[in-house]
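Note that these values count all heavy atoms, side chains included, but never hydrogens, waters or copies made by symmetry. Numbering of ligands and ligand atoms starts at 1, following listing order.
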Amino acid sequence: MKLNLLAILLLVQGFVFAQNKPTLIPYPQEVKWNEGQFELSNNTTLFVEDENFDTNHFINEIKFQTGIVLQVVQNSEEATILFSQTNDIKEEEGYRLAVTENSIQLKAKTTKGIINGSVSLLQLVGSTLEVPAVVIDDAPKFAWRGMMLDVSRHFFDVETIKSYLDLMAHYKMNKFHWHLTEDQGWRIEVKQYPQLTENSAYRTEKDGTRYGGFYTQEEIKEVVAYATKRGIEVIPEIDMPGHMVAALASYPEFSCTGGPFEVQTEWGVHEDVLCAGNERTYEFVQNILDEIMPLFPSKYMHIGGDECPKARWKECPKCQGKIKAEGLEDEHELQSYFIKRVEKMVNANGKKMTGWDEILEGGLSETATVQLWRDFHDKDAVRKIAEMGNDVIVSPTGMCYFDYDIVTTDVKQVYNYQPVPSDLAKEKHHHVLGGECTVWTERIPDNARLDFMVFPRIIAFSEALWVGQKQGFDNFAERLEKEYTYLDSKGVEYGPSSKVLDVEILNHIGELKVQAQALIEGVTLKYKKPSSEVFVDYNEAIEVKETGKIIIQGFRNGKAYGDPVSSNFVMHLANQANIELSTAPSKPYHKAGVEGLIDGRLGFESKFSDESWIGFNGEDVTATLTFDVPTSISAIQLRAYDEVGSWIMAPKEVEVLYSKDGKKYKSANKFKTDAISSDGDVLIYNWEGLSKAKAIKSIKIIYTNGGPLPKGHLGAGKPAWLFIDEIIIQ
Ligand code: ACM
Ligand code: ZN
């Protein structure tokens, strides 16, 4: 191809033209850039032909972004910016935005459409006074673009909720699913049951402090009204019949055993649930729902339904009586019976019931909307639900769980989220309403961490639901890069978009080193040694010479970026030993390898998945350590993880044997409970009975798997994981 000079000039100009365009996220369906621009000034006039639109908010945002104060006028003739409703736009949330040199016109059928268009206009304006001429024709691909926030594990106040509603609206998200109750706290005032907020809203933490909070009904109304102004529907969730321990702590008469119970401090799934055999339980639920539902104009009521263990129901005479009386097959059908009765209560209030996919168990009514989360349970579940004719909201753990760290679910994965299964027939597509990202807050204690986990992933999620992957990830990533300026202006303490850095422990004979590598362009690394107070530049692998933590932190634009990666080292005699295992570790918890047990690096106390722990699914394991030169030993410390909620059980038994010749072994100790202490979820086995053990050639450690998982556990009877790390020999 031969290009003349003019063509090249036009190409370059076109490129620059496209490069300088404002950042639109989610990208609209159709954008047609034109020549010229509209100049904003303090004389610019605005008329909004929609009483429900929050004009003040829009004016404040324009002022925040540009410093310009728009002049509100009382009729369309005087206005240079005109927002108006028209039936010419067909889609409920759609809009047409036309910017010319002389005017800005936004048209939509509904207030929601006006809100969406006004957000696009805010994005077009950015921080400049020149709004490029453009015509945008836009409407969302999916009607359900939600975020769920768990305010029970950790409580977030009204101001925080409002700031999130603002941010959601800025990315055209339209459903706020408010997860209001849990084992660890009840967060909504119910006047008929005052103990729910006086008592169930607070827990006594392990250190003795009281933690909690709740929303009064007035605050709930305030939030709902605020959300409505932002075009966001609030869907409350009262989770039942499981995840109810906080309520049962005040009203134990609605449990199977009668209690007593404490508002829980342990995360995970708890066995004590509502008694589904007691008629008074249904009254309790009915009274709560009847009081709460009128506070929310949404036509949906979320009743949870997830993770309800059946152990108590199996033993409860009332539950067993109900199973008999109703001709039910088993406890799963009892769950279905419970859910169907609750659905009637919801329907009687003119609302539709939605619940987590466990509501499918034992049979589902035709009218329920299912929120799918267990993609690991059945990868075809969305298709099956839609084929049954039920509506479905798609929140698979693999893409939508923003409590998962960025290493597990990064922005690119979220961007590629597609709620409609490729094998679902076209005529069933309408059953897939859209999706929600879920933010469970067990490990999100405050606003800074909330921002860190939610942003920037929610921005990718909003684009996936609004327009899909039409623009391609690279294009999205470029826009996201520019969007950080906006997030900075709003004080959002966003986290990284993908894994920031890799750390590898190099263990050459006699030389332990930490090697790190930045994985994102523009990220530099610094590190801190155990004996040091300050971070210094990372240039080459760090030699490990002392016991303690080496912390590596990524930095970007002068600010810490992503979580620090800390490696906790213990210098000990086995660092140079040879090691063999009777059984290879099970995937995916095998990455530390066999050497991981003696590399001097300790696994995190709070995170079994940190790649320093190794796991064995259902198996026992024997580790054999051999020294080149017979060695005197005075103490051994072993570590194992204990978190049954994550299917990890402490070993049933740990036995240490030693040998002076590497052939004949003598049992040194089976650990009794008094030799075991704990740090977080880690059990530490201390053995100091070896002061006389000289010239040891080898040591065997036999870990006996703690499984199977106990009665009442979600995985009862299935193999348990055994998780172990460093074998510390002094
Ligand atoms: C859930 O994650 N338990 C719905
Ligand atoms: Zn019962």
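- Ligand 1 has no nitrogen or oxygen under 3.5 angstrom from a nitrogen or oxygen of W373.
- The closest protein non-hydrogen atom to atom 3 (N) of ligand 1 is D306 OD2, 2.6 Å.
- Of the protein's non-hydrogen atoms, the one nearest atom 4 (C) of ligand 1 is W356 CD2, 3.3 Å.
- Counting only heavy atoms of the protein, atom 2 (O) of ligand 1 lies nearest to Y401 OH, 2.6 Å.
- Ring centroid separation for the pair Y215 and W178 comes in under the 6.0 Å cut-off.
- Between H243 and ligand 1, not a single N/O pair is under 3.5 Å apart.
- The six-membered or imidazole ring of H177 lies near that of W356, with a centre-to-centre distance under 6.0 Å.
- Looking at R383, K428, K384 one by one, the single match for side-chain contact (heavy atoms from CB on, under 4.5 Å) with P421 turns out to be R383.
- Interface atoms of ligand 1 facing E307, defined by a heavy-atom separation under 4.0 Å, are 3 (N).
- Counting only N and O atoms by type, the side chains of S298 and E233 include a donor and acceptor under 3.5 Å apart.
- No donor-acceptor contact under 3.5 angstrom links the side chains of E358 and Q335, judged on distance only.
- Computed with the Zn ion (ligand 2) at the centre, the C319 SG to C316 SG angle is 110°, stated to 10 degrees.
- Within the cation-pi definition used here (under 6.0 Å to the ring centroid, within 45° of the axis), R280 does not qualify as a partner of F284.
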